[in-house]
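Right, one structure below, let's go through it.
One-based numbering along the sequence shown.
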Amino acid sequence: MSASKPATPTFSPDAYGATDFAKVDAHIITAEEYDELPELTEADLKTADTYRGATLIRRGRGRPPVTQTKKLVTLRLDPDVVERWKASGPGWQTRMNAVLRRAMP
């Protein structure tokens, strides 16, 4: 689970209020109701949530693919340098990357 994006809660009828599931299950869909439904496109299906049992599987979501991925490195820096960058707030690694890019020989 990401700190910036809460996990999707499991379905709970209590979260949506009282529902008469027996009435919903007993409803028979008429031809007119089918006409009201929009036609599903391939784009709709690519962005749809799918389930395997009770587990939500997300397809077609997440970060878009990048043309150039970042490379993980180990770098020894003085503690005061790291603390000052961290104190500048979220995104400090991206800003540090930009400064290093401008200083490239």
(request) Any pair with a residue in residues 72-81 that passes side chain to side chain donor-acceptor pair (under 3.5 Å), sequence neighbours left out, goes on the list, sorted by first then second residue, please. (result) none
(request) Could I get the full list of side chain to side chain donor-acceptor pair (under 3.5 Å) partners for Arg95, not counting sequence neighbours? (result) Ser88
(request) Give me the other members of the hydrophobic cluster that Met104 sits in, counting Ile, Leu, Val, Met, Phe, Trp and Tyr linked by side-chain heavy atoms under 4.5 Å, directly or via other members. (result) none
Using residues 24-40 as the side-chain source, report each donor-acceptor pair under 3.5 Å to any protein atom, sequence neighbours left out, with the distance given to one decimal.
| from | atom 1 | to | atom 2 | distance (Å) |
| --- | --- | --- | --- | --- |
| His27 | NE2 | Glu33 | OE1 | 3.2 |
| His27 | NE2 | Glu33 | OE2 | 3.0 |
| Thr30 | OG1 | Glu32 | OE1 | 3.3 |
| Thr30 | OG1 | Glu33 | N | 3.4 |
| Thr30 | OG1 | Glu33 | OE1 | 3.4 |
| Glu33 | OE1 | Thr30 | N | 2.8 |

(message) Please tell me whether Asn97 and Thr94 have a donor and an acceptor in their side chains that are separated by less than 3.5 angstrom.
(response) no
(request) State which residues pass side chain to side chain donor-acceptor pair (under 3.5 Å) with Thr55; sequence neighbours excluded, sorted by chain then number. (result) none
(request) Under 4.5 Å between side-chain heavy atoms, chaining through other members, with only Ile, Leu, Val, Met, Phe, Trp and Tyr counted: pull out the rest of the cluster around Trp85, sorted by chain and number. (result) Leu75, Leu77, Val81, Val82, Trp92, Met96, Val99, Leu100
